[in-house]
Amino acid sequence: MAGGRLVTAGHEVVADALRAHGVDTLFGLLGNTNLALAGVLRGHGVRFVGARHETGAISLAAGYAWSSGRPAACTVTHGPGLSNALTGLTSAVRDRAPVVLLVGDIRGEPAWMAQRADHAAMVAWTGAGLIDVDRPGRLAAAVAEGLGRAVRERRPMVVNIRSDLLADPAGAQEPARLPEEDRPPPADEACRALADAERPLILAGRGALWTGAGPALRDLGRRTGALLATTLPAKGLFHGDPYDLGVCGGYATATARELIRESDVVLAAGASLNGYTTDKGELLAGATVIRCDAVSPVAARRRGRRTPEIAARVAAARDFADESDDDGLDPRTVLRAVDVALPPDRQVVVDVGHFTTFPTQQLTVHPGRFLPALGFGSVGLALATGIGAARGRDAPTLVVVGDGGALMALGELETLARLRPRLTVLVLNDRAYGAEIHHLRRHGLPEDLALFPETDFAAVAAALGIPGISLRTSADLDRLAYLRATDGPSLVDARVTRAVVADKFAGRTP
């Protein structure tokens, strides 16, 4: 109270703006410049979900935004708080996650302050948007603009607030200014070209997933005789279709790669067609590629490539001969058993590593239920991302990680134990950095450079209060039956052999 007037501090204005735009959960890690904001929000019933590392905080928010379909709010503190978050922020940018990151900036402090840093320069290289707040009347508008732009641009926005503005009286607030959304026109000519093709393929990306175009693309495939495939982020969009080749690119099955290469016309719907999807251009080199963001009905109805022989090849593409040995289980065998054990409505988050091919090929998911936490190619982000996803959608969640990534994110196991969502962590434990093992072998270098002692992840989980089981032999796979009924966190530590080489790595350069 000042002079008989109620004074509203800046952090209260920011908190009110977040609540006014429907934010009910704030992810983050606390420090000097965001303590008051988190405290005020907590007092108004907004859940604060704390991580053990700032990159974990961003990943929690990114997973929540993906699974809930709503923008997520996150906060870290200034200087090293922001710099610690940069890996997760860059990954969220490349995964197109609508996250708003609120940061206090101590730019006004003396230059000798240890934690002072140039926030704008740090954010610039991540690709995130920056909304810099340097006057008190901009606080509420900056929050509204951050949330609006995060959704419209499908990328994180950093709302960077001068720290004194959070503590001082805020005064009157300016209105927010948001641009209108553009709408792309339908692509009639693209659909007609597909209908005239001899070996057509429809390749859908996450743009098709976001816009709900899956049913229309399925129907277009039936009418034109086209086979179906997706980018990695859109895996599951054509779940259950007998002509669904699965993922196109480095994680494709051998059968899918062969059929994709044979295509003469490819309709790419909502897909960026980067080098990962096209295998550096090699997979689509012989095809006419038509890119579009919308589809219209076509009258053609032809058999095209949809023959019983092709359907049989597609159905057999995931088959393999079990190669479990004395060193460990075949990771494909483990994943096939997990696929059967988990409830069908599960969502799946996958980390980076040699093992990533195996869940991509062996796990089945419904549309919008597969999230590869691979945007920045950074190992170790999937655990926190999966925890956020489990908070955003009421569904069983599976996080598949390697032992290297699990060790990097070990602190977030405590977050999992504290929050207790329906989440299973599957550690494919080959006692190594698996990708590096295969690169070292290919170059004739000593593979022990990438080996490390075995970690008993089930024991670590148990120490934190998370039920854990170890899989060491084929007989142990029966223990996975409990996954169908579990209603809290759990961890499966599967010892896997290093002898099985993923298709992505077999005979290919890094």
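The shown structure was predicted, so the numbers you read here are calculated from the model rather than taken from an experiment.
- Between the side chains of Arg336 and Gln362, at least one donor N or O lies within less than 3.5 Å of an accepting N or O.
- Note on Asp345 versus Arg369: no salt bridge recorded, every NZ/NE/NH1/NH2 to OD/OE distance being 4.0 Å or above.
- Without hydrogens or angle criteria, Ser91 side chain to Thr87 main chain gives no donor-acceptor distance under 3.5 Å.
- Pairs passing the salt bridge (charged side-chain N to carboxylate O under 4.0 Å, His left out) check and including a residue from residues 78-88, sequence neighbours excluded, do not occur.
- No side-chain donor-acceptor contact under 3.5 Å links Thr77 and Asn34.
- For the side-chain contact (heavy atoms from CB on, under 4.5 Å) with Thr230, the lone residue among Val247, Thr277, Ile202 that qualifies is Val247.
- Considering all non-hydrogen atoms of both residues, Ala51 and Leu60 come closest at CB-CD1, 3.6 Å.
- With contacts defined as side-chain heavy-atom distances shorter than 4.5 Å, the pair Leu480/Leu471 qualifies.
- If you take NE2 on His78 and OG on Ser83, they are separated by 10.5 Å, rounding to the nearest 0.5 Å.
- Residues meeting the salt bridge (Lys or Arg N to Asp or Glu O under 4.0 Å) test with Asp330, sequence neighbours left out: Arg332.
- Taken from CG in Asn160 to CG in Leu130, the straight-line distance is 5.5 Å, to the nearest 0.5 Å.
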Original post:
For Arg346 and Asp339, what are the C-alpha separation, side-chain angles and deciding distance, and is it a salt bridge (charged side-chain N to carboxylate O under 4.0 Å, His left out)?
Top reply: CA-CA 10 Å; Arg346 70 295 190 81; Asp339 195 51; 2.3 Å; yes

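- In this structure Tyr482 satisfies the ring pair (Phe, Tyr, Trp, His ring centres under 6.0 Å) test with no other residue, sequence neighbours excluded.
- Within the structure, the ring-ring contact (aromatic ring centres under 6.0 Å, His included) test picks out the following pairs touching residues 356-378 (sequence neighbours left out): His239-His366, His354-Phe358.
- Although no hydrogens or angles enter the test, the distance criterion places a donor-acceptor pair under 3.5 Å between the side chain of Asn429 and the main chain of Thr455.
- For Arg472, the side chain to side chain contact (heavy atoms under 4.5 Å, CB included) partners are Glu454, Ser470, Asp476, Asp493, Arg495, not counting sequence neighbours.
- Considering only residues two or more places apart in sequence or on other chains, Ala285 meets the side chain to side chain contact (heavy atoms under 4.5 Å, CB included) condition with none of them.
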Exercise answer: donor-acceptor pairs, residues 396-411 side-chain atoms, under 3.5 Å, sequence neighbours excluded:
from   : atom 1 : to     : atom 2 : distance (Å)
Thr397 : OG1    : Gln347 : NE2    : 2.8
Thr397 : OG1    : Ala395 : O      : 3.3
Asp403 : OD1    : Asp430 : N      : 3.4
Asp403 : OD2    : Arg431 : N      : 2.9
Asp403 : OD2    : Ala432 : N      : 3.1

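- The structure places CG of Leu245 at 7.5 Å from OG of Ser263, a figure rounded to the nearest 0.5 Å.
- Thr75 contributes a side-chain N or O that, together with a main-chain N or O of Leu102, makes up a donor-acceptor pair within less than 3.5 Å.
- Although no hydrogens or angles enter the test, the distance criterion places no donor-acceptor pair under 3.5 Å between the side chain of Lys235 and the main chain of Val365.
- The minimum heavy-atom distance between Leu440 and Ala450, with the atom names listed, is CD1-CB, 3.9 Å.
- A side-chain donor-acceptor contact under 3.5 Å links Gln361 and Asp503.
- Applying the side chain to side chain contact (heavy atoms under 4.5 Å, CB included) test to Ala128 and every residue at least two apart in sequence or in another chain returns Leu89, Val93, Val123, Thr126, Pro156, Val158.
- Inter-residue side-chain proximity for Arg149 and Ile131 is flagged as met; some heavy-atom pair is nearer than 4.5 Å.
- Side-chain contact check for Arg152 versus Met157: every heavy-atom pair is 4.5 Å or farther apart.
- Looking at Glu412, its side chain never comes within 3.5 Å of a backbone N or O of Thr385 through a donor-acceptor pair.
- Evaluation of the ring-ring contact (aromatic ring centres under 6.0 Å, His included) test over residues 377-435, restricted to residues two or more places apart or in two chains, returns Tyr433-Phe452.
- A 6.0 Å sphere centred on OH of Tyr276 holds no more than 12 heavy atoms belonging to other residues, nucleotides or ligands.
- If you take CG on Leu383 and CG on Asp351, they are separated by 8.5 Å, rounding to the nearest 0.5 Å.
- For Tyr64, the ring pair (Phe, Tyr, Trp, His ring centres under 6.0 Å) partners at least two apart in sequence or on another chain are Phe27.
- With a 6.0 Å radius and a threshold of 12 heavy atoms from other residues, nucleotides or ligands, Arg42 has its CZ atom at or below the threshold.
- Among residue pairs with one or both ends in residues 75-99, none qualify as salt bridge (charged side-chain N to carboxylate O under 4.0 Å, His left out); sequence neighbours excluded.
- Legend: residues meeting salt bridge (Lys or Arg N to Asp or Glu O under 4.0 Å) with Arg155, ordered by chain and number and at least two apart, are Glu153.
- Distance OG1/Thr357 to CG/Leu335: 11.0 Å, rounded to 0.5 Å.
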